[in-house]
Asks: 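Let me begin by handing over the structure; questions about it come next.
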Amino acid sequence: MTAKTSKKSKGEYLVRDIGLADFGRKEIEIAEYEMPGLMATREKYRAAKPLAGIRIMGCLHMTIQTAVLIETLAELGADLRWCSCNIFSTQDHAAAAIAKRGIPIFAYKGESIQEYWEFVMKAMIWPDGKGPDQIVDDGGDATGLVHMGVKGELDPAFLKTAPKSADEKAIFGILKDIRKKDRKFWQKIAAGIRGVSEETTTGIHRLNHLAKAGELLFPAINVNDSVTKSKFDNVYGCRHSLPDGIKRAMDVLLSGKQVVVCGYGDVGKGCAEAMKNERARVIVTEVDPICALQACMAGFQVARVEDALKTADVYVTCTGNCRVITAKHMAGMKDQAIVCNIGHFDDEIDVAGLKAVKGIKVTEIKGHECPVHKYTFPDGHSIYLLAEGRLVNLGCATGHPNFVMSCSFSNQVLAQIEIASKKLEKQVYLIPKKLDEEVARLHLAKCGAKLSKLTQEQADYIGVKVSGPFKPEGYRY
Ligand code: NAD
Ligand code: RBV
């Protein structure tokens, strides 16, 4: 542990260097100007304080943009504790600024897996031993921990199963320690949770699994599938931050290179476009014929990873799936190929399988600030793995920019207000379309856009209200 810790009067925190707080504050001020949705939400709800006294635990990349989200929730009255949702995604100056203003934050760039889960626990439990009323989650780790905790209490055999990953090993250790002291700890925590708002596609997959199995322990709001989240953040955010991550890591000219983008969903569309804009030659891989045809119509060649091995220079995974690039693929790649992932977890590229290749040699090129490792195979060829296979835009760069995160995080704030103000069932809800439209509306002025207004006659003609919603539920944008 190299981070500086403190438990001084203003609150608890665990950050790399509290001395970075002033720099963090300056960047937060720049971000506020670019985050009109969040700032308008503050104005609208500041007096009413709809989150007054509500304990909100956040498990979401501790970036400058997230700092603006945290401070918005605080202005609305919330009592917050926060950790990151990825070992490489924290911006240490953002974390320091949040710590300095007295909000408990446990995050630094380059945590170990064990520390990561310890920090999730620190953010989860208030000094009086109680848990959160509400969770802001990204990828479902906080939600998953509560569910695993309850599972371990109801079926102790669960904790005796062999952990399948380093994460599971750390989680099982924490759960076993808690079980020694309190056998109902997690059931009490779960019973106190009013709901979770989930940020990303992979977290939604996990919530839907739980809901389908009838195992969801508290209500959930799907922020990802707000149009102003997934059709903006996932597409335009990645279009900005993927090339940023690759360039900071490798300083490579993408023009003329052959780039393979695995997956052509929302993230894949942004990534492929970004690479095309760099004048790279882009190949898309897909399993879904609709997305594959969309890629063809956008002018991309659709092929399989295997077809590209001898020629491709760069690989980007964005499927939200596992083992899309295998150790066998990497063994067959061109010398000096660059391999990275922008999907949520670290198993789209089979990093575990890569490390297990007999005779493979690993050389660290750059450490936790911008992780780059060279893997040399016994036959002498090498590949570069960025951010250890974790999301390259947050591991090797600073994630999405302010404006797009303002859209995503305005949805987060609205979701938290919904959870605080309504009695929801144990289901996965979407944010009402009217609020989704409102989030977009809050961002138009910054783009110099002027909306046209429907006449009553026109509204009647297309069957909507003059004030919206303007589209039926199933409209795909
Ligand atoms: P999506 O469901 O829209 O797209 C995923 C696509 O991958 C789908 O079209 C699917 O058919 C395809 N796919 C699945 N398995 C495949 C395989 N084996 N080979 C090729 N294609 C395959 O999801 P999305 O919203 O684009 O999100 C993708 C991932 O990115 C998720 O993990 C999500 O959480 C994450 N995400 C990351 C960021 C970031 O900032 N890094 C931003 C948004 C989302
Ligand atoms: N993401 N956050 C940032 N700058 O804080 N950048 C990307 C940031 C989120 C994005 O919303 C995506 O769904 C999620 O990270 C994946 O973990």
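Atoms within each ligand, like the ligands themselves, are counted from 1 in listed order. For the single chain, residues carry numbers from 1 onward in sequence order.
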Asks: Quick one: closest heavy-atom pair of P371 and C396, and the distance?
Replies: O-SG, 3.5 Å
Asks: Out of curiosity, M405 CE to F232 CZ, how far, rounded to the nearest 0.5 Å?
Replies: 14.0 Å
Asks: Pick one of side chain, backbone, both or neither for how H400 approaches ligand 2, counting any non-hydrogen atom pair under 4.0 Å.
Replies: both
Asks: Can you tell me if G237 contacts ligand 1 (heavy atom of the residue under 4.0 Å from the ligand)?
Replies: no
Asks: Within a distance under 4.0 Å of any heavy atom of T66, pick out the atoms of ligand 2 and give their elements.
Replies: 5 (O)
Asks: Can you list the atoms of ligand 1 that are under 4.0 Å from a heavy atom of H344?
Replies: 32 (O), 34 (O), 35 (C)
Asks: In terms of residue, atom name and distance, what is the protein heavy atom nearest to atom 2 (N) of ligand 2?
Replies: M405 CE, 3.3 Å
Asks: Where's the contact between N321 and ligand 1, heavy-atom distance under 4.0 Å: side chain, backbone, both or neither?
Replies: side chain
Asks: Between I342 and ligand 1, which part of the residue brings a heavy atom under 4.0 Å of the ligand: side chain, backbone, both or neither?
Replies: both
Asks: Any non-hydrogen atom of S230 lying under 4.0 Å from ligand 1?
Replies: no
Asks: For residues R304 and T285, report the shortest heavy-atom separation together with the two atoms involved.
Replies: C-CG2, 4.1 Å
Asks: Give the numbers and elements of all ligand 1 atoms closer than 4.0 Å to a heavy atom of G343.
Replies: 29 (C), 30 (O), 32 (O), 35 (C)
Asks: List the closest protein heavy-atom neighbour of atom 6 (C) of ligand 1: residue, atom name, distance to the nearest 0.1 Å.
Replies: E286 OE2, 3.6 Å
Asks: Does any donor atom in the side chain of T202 or H205 lie under 3.5 Å from an acceptor atom in the other side chain?
Replies: no
Asks: Give the contacting part of T201 toward ligand 2: side chain, backbone, both or neither, where contact means a heavy-atom distance below 4.0 Å.
Replies: neither
Asks: Does any part of the side chain of L442, heavy atoms only, come nearer than 4.5 Å to the side chain of P36, both counted from C-beta?
Replies: no
Asks: D288 heavy atoms, cut-off 4.0 Å: which ligand 1 atoms fall inside?
Replies: 11 (O)
Asks: Quick one: look up the protein heavy atom nearest atom 23 (O) of ligand 1 and list residue, atom name and how far away it is.
Replies: T201 CG2, 3.5 Å
Asks: Applying a heavy-atom cut-off of 4.0 Å, say which part of L391 lies close to ligand 1: side chain, backbone, both or neither.
Replies: side chain
Asks: Just checking, K446 and Y33: is the charged tip under 6.0 Å from the six-membered ring centre and within 45° of the axis?
Replies: yes
Asks: Less than 4.0 Å is my threshold; does some heavy atom of I64 fall inside it relative to ligand 2?
Replies: no
Asks: Give the residue, atom name and distance (to 0.1 Å) of the protein heavy atom nearest atom 10 (C) of ligand 2.
Replies: D233 OD2, 3.2 Å
Asks: Which residue and atom name correspond to the protein heavy atom nearest atom 14 (C) of ligand 2, and how close is it?
Replies: D138 OD2, 3.2 Å
Asks: Suppose we call two aromatic rings close when their centres sit under 6.0 Å apart. Are H61 and F88 close by that rule?
Replies: no
Asks: Return the residue, atom name and 0.1 Å-rounded distance of the protein heavy atom closest to atom 13 (O) of ligand 2.
Replies: K229 NZ, 2.7 Å
Asks: Against heavy atoms of C291, which atoms of ligand 1 measure under 4.0 Å?
Replies: 9 (O)
Asks: So does K169 have more than 12 non-hydrogen atoms from other groups sitting under 6.0 Å from NZ?
Replies: no
Asks: Please work out whether any backbone atom (N, CA, C, O) or any side-chain heavy atom from C-beta onward of N224 is under 4.0 Å from ligand 1, and answer side chain, backbone, both or neither.
Replies: neither
Asks: For atom 8 (C) of ligand 2, grab the closest protein heavy atom and report residue, atom and distance to one decimal in Å.
Replies: T63 OG1, 3.5 Å
Asks: Could you point out which residue of L424, L207, V428 forms a side chain to side chain contact (heavy atoms under 4.5 Å, CB included) with I221?
Replies: L424
Asks: If you take the nearest heavy atom of each of A292, G265, C271, which one is closest to atom 4 (O) of ligand 1?
Replies: G265
Asks: Numbering the atoms of ligand 1 from 1, which are under 4.0 Å from a heavy atom of C318?
Replies: 5 (C), 28 (C)
